[in-house]
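Okay, structure first, notes after.
Just so it is clear, the structure is predicted and the values come from calculations on it, not from any experiment.
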Amino acid sequence: MGYFQTSCSKYSAMLIVLMPFRKKARRSPKKSDLEVHVSQHIEATRRLFDESQDLKSNERKHYYKELVSFTRRWLLNLPDDHGVYLKTLFFQGMLPEKYEEGLRYWEPFLICLSAPSIDRGYVVSIFNQYRPLCAFDVVDLYRVHFDGKSRPEYLAVVERFMSIVEYLADKGAGWLKGEEGDFRYLYMGFYIGVFYCLDCGESAAGTIGARVSNYVESEFEEIKELPRSVENLPLLWRRLSSLLAGDAENPDLVYRDEFFVSFLGRMFERRLPLSLQNKVDALYAELPSRIEWVNGEIRFDG
């Protein structure tokens, strides 16, 4: 304004003298055009999270930083302005009424990553509101870049990510089987991966395959017929043969692994899915030397 210039008028100069005696008005931070645009949607938003929950706790603020870093690194094709929508979702629990407006097809995933807490029913209900490919991309992202890989820089986010993938393996999840395809083969891949880890001398604890094994075995008779499953099943039979023969690396760990002991228990008690039971029975019978099941424990040479 003119009265802040040195070449001001006499009246302006008087204002300068008087200004210090007036209480200086506190200016509000200037909002960006984008923030204004988002705030205009507040009256017409979907509320995703309960207002009674503390969405701005210190713990959540720390998690949010990790989530932002994860999002920038791994979620491709998000619009340039996605950050404002994510922040509004995370700390206010709201998104625009129009689905996928600010976060595109990653929206259901980011809702579940941002929620104060999740369970199976919540995750399934959120993803059932979106196109099946939204869930497919989430599970496939985990399969390609996170399954069996250490990502220490995103510990909290990856643990939530893993739970989402686990919960999406549910008979009530509409994305798994429909007009766009039968995506249950993804979980067969995770299941096979557990036996690969075991045969290589690694624990099944913490693997996504162990966490979805109940789902895979409950659907095994159908999933095994899917083309991608048919391609991968020989790997399962090869790894099971090695394990049943007692040839796993690090046998002291593997043959005491909680998941594998449970699997062998179902096998010897004949509680596996019929075709899986028949196959492992045949594999076991063909082995010249093999592990034994004695009083609920695995006996092996070595």
Side-chain angles (χ1 to χ4, degrees), residues 139-140 142-150 162 165-166 169-171 176-177 182-302:
V139 177
D140 199 50
Y142 189 89
R143 178 186 67 83
V144 174
H145 295 291
F146 292 87
D147 187 28
K149 299 178 177 65
S150 175
M162 191 175 187
V165 174
E166 175 189 354
D170 188 89
K171 292 183 179 181
L176 281 167
K177 183 181 179 181
D182 193 327
F183 302 125
R184 292 177 294 173
Y185 70 85
L186 290 166
Y187 287 95
M188 178 67 87
F190 292 140
Y191 184 76
I192 294 171
V194 182
F195 297 96
Y196 176 86
C197 288
L198 288 165
D199 193 33
C200 293
E202 300 173 13
S203 171
T207 65
I208 187 65
R211 291 168 65 163
V212 301
S213 60
N214 287 340
Y215 171 77
V216 173
E217 290 183 9
S218 72
E219 302 275 298
F220 193 88
E221 300 304 331
E222 292 186 14
I223 300 177
K224 70 181 178 64
E225 302 296 340
L226 301 176
R228 293 287 292 272
S229 296
V230 171
E231 293 176 11
N232 292 324
L233 279 173
L235 175 59
L236 176 61
W237 310 142
R238 189 158 60 249
R239 295 298 175 177
L240 278 171
S241 291
S242 176
L243 288 163
L244 294 172
D247 293 337
E249 298 180 29
N250 197 4
D252 287 333
L253 182 151
V254 170
Y255 294 118
R256 290 177 175 83
D257 182 88
E258 183 178 351
F259 172 84
F260 193 55
V261 170
S262 176
F263 175 84
L264 265 292
R266 297 195 301 280
M267 171 189 159
F268 284 107
E269 294 167 9
R270 306 193 60 76
R271 292 187 288 112
L272 293 173
L274 182 59
S275 61
L276 179 57
Q277 184 71 58
N278 291 339
K279 183 64 177 182
V280 294
D281 284 348
L283 292 173
Y284 188 72
E286 293 171 358
L287 295 171
S289 62
R290 56 204 183 189
I291 61 175
E292 296 180 351
W293 182 254
V294 181
N295 298 323
E297 294 184 351
I298 301 173
R299 298 281 179 86
F300 61 95
D301 293 332

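Taking CG of Leu176 as the start and OH of Tyr215 as the end, the distance is 4.0 Å to the nearest 0.5 Å. The structure places CD of Gln277 at 11.0 Å from CZ of Phe220, a figure rounded to the nearest 0.5 Å. Taken to the nearest 0.5 Å, the CZ atom of Arg211 stands 11.0 Å off from the OH atom of Tyr187. Note that CZ of Arg256 and CG of Asn250 are 10.5 Å apart. Values are rounded to the nearest 0.5 Å. Distance check: Arg239 CZ to Leu283 CG gives 14.0 Å after rounding to the nearest 0.5 Å. Interatomic distance, Lys177 NZ to Lys171 NZ, rounded to the nearest 0.5 Å: 11.0 Å.
With hydrogens and angles ignored, the 3.5 Å screen pairs no side-chain donor or acceptor of Ser262 with any backbone N or O of Glu258. The closest donor-acceptor contact from the side chain of Arg143 to the backbone of Val139 lies at 3.5 Å or more, if one exists at all. A side-chain donor-acceptor contact under 3.5 Å links Ser229 to the backbone of Ile223. Looking only at distances, no side-chain donor or acceptor of Glu292 sits under 3.5 Å from a matching main-chain atom of Ile298.
When every heavy atom of Thr207 is checked against every heavy atom of Cys197, the shortest pair comes out as CG2-SG, 4.4 Å. Residue Lys224 comes nearest to Glu221 through the heavy atom pair CE-OE1, 3.1 Å, listed as atom of the first residue, atom of the second, then distance. Taking both residues in full, the closest heavy atoms of Ala204 and Ala210 are given as O-CB, 3.7 Å, listed atom of the first, atom of the second, then distance. For the pair Leu253 and Glu202, the tightest heavy-atom approach, listed with the atom from each and the gap, is CD2-C, 3.8 Å. Pairing each heavy atom of Ala245 with each of Leu287, the nearest pair is N-CD1, 3.7 Å. Nearest heavy-atom pair, Ala248 versus Leu243, reported as atom, atom and distance to 0.1 Å: CB-CD2, 3.7 Å.
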Is there a side chain to side chain contact (heavy atoms under 4.5 Å, CB included) between Phe195 and Leu235 once you walk through the steps? CA-CA 9 Å; Phe195 297 96; Leu235 175 59; over 6 Å; no

Evaluate the side chain to side chain contact (heavy atoms under 4.5 Å, CB included) criterion for residues Tyr185 and Asn232: first the C-alpha distance (whole Å), next the side-chain angles of each, then the deciding distance (0.1 Å), finally the verdict. CA-CA 9 Å; Tyr185 70 85; Asn232 292 324; 5.9 Å; no

Go through Val194 and Phe259 one step at a time and tell me if the side chain to side chain contact (heavy atoms under 4.5 Å, CB included) criterion holds. CA-CA 9 Å; Val194 182; Phe259 172 84; 3.4 Å; yes

Could you walk me through whether Met162 and Phe146 pass side chain to side chain contact (heavy atoms under 4.5 Å, CB included), step by step? CA-CA 9 Å; Met162 191 175 187; Phe146 292 87; over 6 Å; no

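Counting only N and O atoms by type, the side chains of Glu217 and Tyr191 include a donor and acceptor under 3.5 Å apart. Arg238 and Ser242 are not linked by any side-chain donor-acceptor pair at a separation below 3.5 angstrom, with hydrogens and angles left out of the test.
Ion pairing between a basic and an acidic side chain is recognised when a charged N comes within 4.0 Å of a carboxylate O; Asp281 and Arg270 show such pairing.
The side-chain heavy atoms of Leu244 and Leu264, taken from C-beta on, include a pair separated by under 4.5 Å.
In this structure, Phe268 has its ring center closer than 6.0 angstrom to the ring center of Tyr284.
Using bins of under 30°, 30° to 60° and over 60° for the plane-to-plane angle, the ring pair Phe300/Tyr255 lands in the tilted bin.
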